[in-house]
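Report on the following structure.
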Amino acid sequence: MQGTVGELGEFGLIRELTARLPLTPAVELGPGDDAAVVKAPDGRVVATTDVLIEGRHFRRDWSTAYDVGRKSAAQNLADVAAMGAVPTAILLGLVAPADLPTTWATELMDGLRDECQVAGATVVGGDVVRGDTITLAITALGDLQGRAPVVRSGAQVGDVVAVTGWLGWSAAGLTVLSRGFRSPRAFVEAHRRPEPPYHAGPAGADLGATSMVDVSDGLVADLGHVAKASGVDIDLRAADFDVPAQMADIGQAVGVDPLVWVLSGGEDHAIAATFPSTVQLPARWRVVGEVVRTASAARGGQVTVDGAPWDRVGGWDHF
Ligand code: TPS
């Protein structure tokens with residue numbers, strides 16, 4: 001293998017990258033032709049895309065290429081799961097400088113492949129282009145397997161709000177890394193390699209979720225989209241969140257209220273959903289609030305914590 005992607009060339013690089021990919025039952029034709037063929041027995045395809053840029057979404061001195069691959073696959077696959085679908089495939093658009101070590105690109109692909117495997121999907125194709133800043137454009141596809149998609153607009157007054165997965169760990173890790181530390185490892189690892197609860201997407205749909213979202217920008221911010229789309233408000237109960245002792249300790253050490261990480265931190269890719277209050281939820285779902293009639297003139301969208309507006313660091317917004 002040549003040292004840099006520039007030395008290897010576009011087609012050499014594509015050969016190196018695609019040689020690492022398995023086929024799965026959902027894939028009729030993998031990489032190598034003009035396009036791949038992914039089965040959609042459901043007759044519908046769930047599709048989503050996300051762009052990640054070096055410096056803004058990841059740093060090469062904070063994460064390995066493998067972890068960048070795991071995380072960038074995870075955030076797309078989690079979006080598919082949050083619709084109530086099972087992920088089937090991803091496609092990668094990679095912009096890379098010519099001096100990028102080939103191993104960075106192959107390790108990235110290994111990370112994408114391994115995270116896809118966790119979710120039951122695989123990489124079916126992509127493109128590589130030369131450019132100044134490493135940029136990944138990832139498209140993920142999924143299969144609803146006959147389910148109705150669980151959209152943001154379905155929350156009903158009286159529903160409970162429940163979450164599953166991790167909350168606040170990635171944001172705590174980002175705070176630690178931003179301040180030049182590399183530990184505690186649990187938080188740094190959570191930031192480098194989130195573990196979305198993929199299975200909870202389709203399972204939540206089957207339990208009767210009335211709305212569902214992937215928590216990427218922060219719980220309050222993402223539930224704000226649900227509340228707005230559904231024309232309701234949402235009230236969360238701070239005491240119902242799990243703030244682990246280790247998170248409280250590190251919060252104390254860096255002077256941050258850990259509830260800010262839990263409620264406003266993104267990138268753990270937890271799943272939040274609303275359910276009719278009559279639904280018996282399995283233990284992995286934690287009930288943290290309820291859907292209430294909107295009090296705002298703007299016809300919904302307010303998320304309160306213990307009845308008060310939550311204005312402490314308002315989630316992630318690029319602009
Ligand atoms: C180096 N960050 C970037 S994107 C995002 C967050 C919390 C939310 C979702 O983005 N600086 C570095 N790495 C990071 N991960 C952050 C800052 C924080 P999108 O809306 O693009 O899906």
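Numbers for residues simply follow the sequence, beginning at 1. Counting starts at 1 for both ligands and their atoms, following the listed order.
Atoms of ligand 1 found under 4.0 Å from any heavy atom of Gly55, numbered from 1 in the order shown, are 1 (C). Listed by number with element, the atoms of ligand 1 under 4.0 Å from a non-hydrogen atom of His191 are 15 (N). Remark: ligand 1 atoms within the under-4.0 Å shell around heavy atoms of Trp62 are 1 (C). Near Asp50, the atoms of ligand 1 lying under 4.0 angstrom from a non-hydrogen atom of the residue are 22 (O). Every atom of ligand 1 is numbered from 1 in the order shown, and the set under 4.0 Å from a heavy atom of Asp217 is 8 (C), 9 (C), 20 (O).
Contact annotation for Leu52 and ligand 1: no heavy atom of the residue comes within less than 4.0 Å of the ligand.
Partners of Thr304 under the side-chain hydrogen bond (donor to acceptor under 3.5 Å, both in side chains) rule, at least two apart in sequence or in another chain, are Asp235.
Looking at Arg56, Glu267, Arg59, Arg60 and measuring to atom 15 (N) of ligand 1, the nearest heavy atom belongs to Glu267.
In terms of heavy atoms, Leu219 sits closest to Ala272 at CD1-CB, 3.8 Å. Closest of all the heavy-atom pairs between Gly84 and Met212 is N-CE, 3.7 Å. Contact record, Thr294 with Arg299: OG1-C, 4.1 Å, taken as the closest heavy-atom pair.
Using a distance-only test at 3.5 Å, with no hydrogens or angles considered, no donor-acceptor pair links the side chain of Arg147 to the main chain of Asp206.
The shortest heavy-atom distance from Gly266 to ligand 1 is not under 4.0 Å. Taking 4.0 Å as the cut-off, Ala171 does not count as a neighbour of ligand 1 on heavy-atom distance.
In terms of polar-atom proximity, defined here as any N/O pair under 3.5 Å, Ser216 makes no such contact with ligand 1.
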Please set out all donor-acceptor pairs under 3.5 angstrom arising from side-chain atoms of residues 249-262, sequence neighbours excluded.
from: Asp257; atom 1: OD1; to: Leu259; atom 2: N; distance (Å): 2.9
from: Asp257; atom 1: OD2; to: Arg312; atom 2: NH2; distance (Å): 2.8
from: Trp261; atom 1: NE1; to: Thr175; atom 2: OG1; distance (Å): 3.0

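The CZ atom of Arg70 lies 10.5 Å from the CG atom of Asp110; values are rounded to the nearest 0.5 Å.
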